[in-house]
Each structure stands twice: as C-alpha cells, then as structure tokens.
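Please read all numbers here as calculations on a predicted model, not as lab measurements. Computed over heavy atoms, backbone and side chain alike; hydrogens, waters and symmetry mates excluded. Order of the sequence lines sets the chain letters (A, B, ...), proteins ahead of strands, with each chain counted from 1.
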There are 2 protein chains.
Amino acid sequence: MKHGPDIARIAALIGDPARANILSALMSGKALTASELAGEAGVSASTASSHLGRLLEGGLVKEARQGRHKYFALAGEDVAQVLEVLMGFAAGQGHLRTRTGPKDAQLREARVCYNHLAGSRGIQLYDSLFARDFMELRGDDLFLTEAGQGFVRTLGVDFDQLVKSRAPVCRTCLDWSARRPHLAGSLGRALFKRFEMMGWAYRVRDTRAVQFSSDGLRQFNMAFPVNPGSHG
Amino acid sequence: MKHGPDIARIAALIGDPARANILSALMSGKALTASELAGEAGVSASTASSHLGRLLEGGLVKEARQGRHKYFALAGEDVAQVLEVLMGFAAGQGHLRTRTGPKDAQLREARVCYNHLAGSRGIQLYDSLFARDFMELRGDDLFLTEAGQGFVRTLGVDFDQLVKSRAPVCRTCLDWSARRPHLAGSLGRALFKRFEMMGWAYRVRDTRAVQFSSDGLRQFNMAFPVNPGSHG
DNA sequence: CTAATATTTCGATCTGGATCGAATTGTGCG
DNA sequence: CGCACAATTCGATCCAGATCGAAATATTAG
C-alpha cells in the first residue's frame, strides 16, 4: 500500500531468532559452514539449511563452496552496516540478551565489523585520517588524498591493488556503540588485515572482539594520533 | 544461544508488512492517529491497534493523547536511523516496492528524515557546517564551534534553548540514498523547522519529499555553500 | 569403488501471530 | 445526559513458516 523500499522483506529475514543468530555469528567476518552455523543458532542442520537458503535468496549472505564444505559469509558490508545499526539500537533499548559483562566493554573498545575495525579504535582511525588530511570528502564520497595514499603505503597497504578492484575503497560504516562513522570499504578491510599481519592486534576466538597487544597499541596510537577538536 | 543485543526482537517488529508501512508513514515526522495509520497500512482499525500496541511495547513508537485522538509518532531518532539504513539497503537491493519514478528522484534531492533534512540538501548542510568550521568533532561527539553557534543564531535558531533541553544537539544520521552522514539531533530538527518557517522549503503532502522554493533554494545555497574538496 | 561426512530435500507437525467483525470502552461535543 | 466517533478488547479463524527426523544427494577421503 505504500511507496518506498520494501523494508519488511529484509527485516523479516533478520527477525527470526535463528537467522539473527546466524547473521550475528557471521558478523565476525569469518566464513562458517552450515553445520557450524546450525550450532550457533541452536537449531538442527536441516532447519539451518532452510534458513540459509532464505538468507541467500534474500541477498543477505553469500556462499562459497570449498571442498566438501560450503562456507557462508555476509553478502557484503551493506549487510554488516544494517546489522550494526540494529545492534546499536537494540543495545540502547537495554534489551541485551545477556547482561552487560566485561566482554561488552572490550567490544566497545575494539571489535571487528564484518572485516574492518570498529569500536573506539575504529573511530580513532577514522578521525585521525581526517585530522591529518589523509582523507577527504569530494561530493558525496570519501577519498584518500595524495598524502593519505602515501601514508597507507607506509603501513604496507597495496593501494594500487585496492583501486584496481571495482569495490569502493573508502566507505562509511556507522558504529554500534558510539554512533559515529568509522572506515569501511576495501581500505578499511586492508588496514585491519595489516594490523593483524603486523601483530598489532588479533581476534579473540569465537568473538568479534579485537585485542591489541601492548606494543601494537603503542604503534597504532603513533600511526593514528588523535588531535581533539581538530576534525579537519 | 548467543551474546550481543537482541536484534531479532526488533527486526521482527519491523518485519511485518503492516507494521513496516506504519513505520514508513511515521518517517514523515508527523504524528498520526491510529485510524490514519490503519489506512496507510491497509488493515482494519483493530489490527492496526494491535500492531501499534506491539510497536509501543517494543519502544519503536510513542503515543500522545490529544483530545479524543491518540497520536502516534516514532519513539526517537534512533528509530528513524534504523529505518533509514534499512531503506537504504533495501533500495540498494533493487527491491523497491514500486519502480523508481520521478518521486524517487525528488526524495534523493531533499526529504525529511523523521524531523530533520536528509538527501543531497541534507548532506550539503552537513558538509558545509564542517567546511566553514562551524561544527567539529570532539572525541566521539559533534559540537558547534563558537562561530557555528553565532551562525545558527543568524538563521533564527534559539541555540540556548536547544542546549537547555537534555536531548543531544548534534547527532549523525546515515543517509538513505547517498550513504553519507547528515545532521540530526535537536539542531537538525530546529534548522529544518526554520527552513519551513522562512518559506525556504515545504513538505509535499503525504510524502517525505521536501520541495524548496526557487528563492528558498538560493538562500539555502548562500547559507550553506559547498566548497568541493575542502572538507575541513 | 566404498565409506564417511556434509548438506539438502521431503513429509509431517505444530504454533505464533495476523486478520477480521462485533462488542466494549473511552472521550469529547452538543 | 446521550450521541458520535475513536480506539481497544474479545473471540474465532486461518495460514505462513519454523521445526524436526528420516531419507536422499553430494563430495571428499581412502
């Protein structure tokens, strides 16, 4: 009866507890098999398969066969974005599934959002890039400046490679806890991958939490300093 | 079976077509009666009432009795935010309920997001405030600079009044069409209200679309100039 | 090829919740 | 007070879809 995008369709997909659990599990960015996801969601393999079929058709997840396993992952950052915002709202509603624990604080500090860094550290990264004129807005899109491109290269990011692929390099993703944008896009993913490779940070098993090593945090803070009050 | 916020609960609320229509209708920012919403959703009064009860309990809408009518509105900007992002994703999925028409182009240009300006004009406003150093980031939050406070006063916004109320003055809302943040918060609301009062823009009946008058647009462009490539 | 494991399909069941119309309650108007 | 209209409650119906177990199918390992 109405105009506008069909939000009911996709909200209904997320609205089932089993599917929501599946999607939440995939927010870690790791691709998981159908049986693993069945376990996460607490349902039988057959029901999980049915749910995955639906999510697939709905464009929320994608599959990748690999050997005898079939791996599932979120279809893209758009999906992660939607889930982030939903989580942010649900959390704000005070309807946390489990009471707020120490794990939660860690998630606010640093976590992975599908494949890029989120949480306070993610925001720090985003702000720092702006503050140092490494990133800027042109029209409606984010771009790295010349200086910014040089900068990320010093961090070991193959920038030319990123540009070659058709995926957007810089993109905004809204933060779960702080309600502030942070850096997504292929650059966001590449940077986080570098942090992992350089041993600055690592993922906590079976969680979205990201743990910085003490030395890694120092290096991170040097690479992405914060100058309060000088956004731009 | 999992950690993290209960997104299924709220997604399920949005996931019903009738409720989604109700929420979409409320995105116009206007408060509507139960019967009006029933009409929007295309269901009987009794079912609408039931849905509204659910939405109320779920914290997505709030009610305000006024005379013999009971007006419903979105519970807050958080809700509008969630709906915006969902719409953005659904639209990107190519699952528009109706094919993209002229109306749609107008929505991209300027529309109301709950109570503040969104679309290209909303982004222009947001960017311009940054470019002219009227708004800045301190830590995780947005603030108006001294100059910015003076500026909005020249537009007729009672800034002190905004600060007095406990609601956040500046807040980010992610844009539906352009995937870029724009200004929400009580300032976003106040500014849009001023645009209406000054006759710069008016809402198109029964739509979220915002139409600028030709003179109003000129004034708007003067007040919020765009300097491409100089974000900050 | 055969065995083992992963995944999907099928058939059957069961239930939450969406829906409506009629009756009831609530509120303001005259 | 009583009428008119708004809104909710109630009772009844009905169905999409969530679920499972078992059987069928795929895929790799040996």
> Taking only residues two or more places apart in sequence, or in another chain, which ones meet Ala12(B) in a side-chain contact (heavy atoms from CB on, under 4.5 Å)?
Replying inline: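 Per chain and number, Ala12(B) pairs via side-chain contact (heavy atoms from CB on, under 4.5 Å) with no residue.
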> Which residues pass the side-chain contact (heavy atoms from CB on, under 4.5 Å) test with Ala80(A), sequence neighbours left out?
Replying inline: Met27(A), Leu74(A), Cys113(A), Tyr114(A)
>> If the cut-off is 4.0 Å, is Lys70(A) near the phosphate of dA26(D), judged by side-chain N/O to OP1 or OP2?
In response: no
> Which residue pairs pass the side-chain hydrogen bond (donor to acceptor under 3.5 Å, both in side chains) test with at least one member in residues 25-36 of chain A, sequence neighbours excluded?
Replying inline: Thr33(A)-Glu36(A)
> For the side chain of Ser49(A), counting heavy atoms from C-beta on, which of dT9(C), dA18(C), dA7(D) is nearest?
Replying inline: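 My answer, after comparing the listed nucleotides, is dT9(C).
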> Are the charged groups of Asp78(A) and Arg171(A) less than 4.0 angstrom apart, N to O?
Replying inline: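 Yes, charged N to carboxylate O under 4.0 Å.
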> Which angle, rounded to 10°, do you find between the first-five-pair axis and the last-five-pair axis of the helix from dC1(C)-dG30(D) to dG30(C)-dC1(D)?
Replying inline: 30°
Measure the distance from [atom1] on [X] to [atom2] on [N] and round it to the nearest whole Å.
| X | N | atom1 | atom2 | answer |
| --- | --- | --- | --- | --- |
| Arg19(B) | dT19(C) | CZ | P | 8 Å |
| Tyr71(A) | dT28(D) | OH | C1' | 13 Å |
| Glu63(A) | dT27(D) | CD | P | 12 Å |

>> For Phe159(A), give me all partners under ring-ring contact (aromatic ring centres under 6.0 Å, His included), at least two apart in sequence or on another chain.
In response: none
> Does His116(A) have any ring-ring contact (aromatic ring centres under 6.0 Å, His included) partners at least two apart in sequence or in another chain, and if so, which?
Replying inline: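 Listed in chain order: His182(A).
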Produce the list of close N/O pairs, under 3.5 Å, pairing protein atoms with atoms of nucleotides 19-23 of chain D; give distances to one decimal.
{"unit_1": "dT19(D)", "atom_1": "OP2", "unit_2": "His51(A)", "atom_2": "NE2", "d": "2.5"}
{"unit_1": "dC20(D)", "atom_1": "OP2", "unit_2": "Ser44(A)", "atom_2": "N", "d": "3.0"}
{"unit_1": "dC20(D)", "atom_1": "OP2", "unit_2": "Ser44(A)", "atom_2": "OG", "d": "3.3"}
{"unit_1": "dC20(D)", "atom_1": "OP2", "unit_2": "Thr47(A)", "atom_2": "OG1", "d": "3.1"}
{"unit_1": "dG21(D)", "atom_1": "O6", "unit_2": "Ser46(A)", "atom_2": "OG", "d": "3.2"}

>> Please enumerate all residues that pass salt bridge (charged side-chain N to carboxylate O under 4.0 Å, His left out) together with Arg189(A), with sequence neighbours excluded.
In response: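 With sequence neighbours excluded, Arg189(A) shows a salt bridge (charged side-chain N to carboxylate O under 4.0 Å, His left out) to no residue whatsoever.
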> Considering residues at least two apart in sequence or located in another chain, which fulfil the salt bridge (charged side-chain N to carboxylate O under 4.0 Å, His left out) criterion with Arg153(B)?
Replying inline: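 Residues passing salt bridge (charged side-chain N to carboxylate O under 4.0 Å, His left out) with Arg153(B): Asp160(B).
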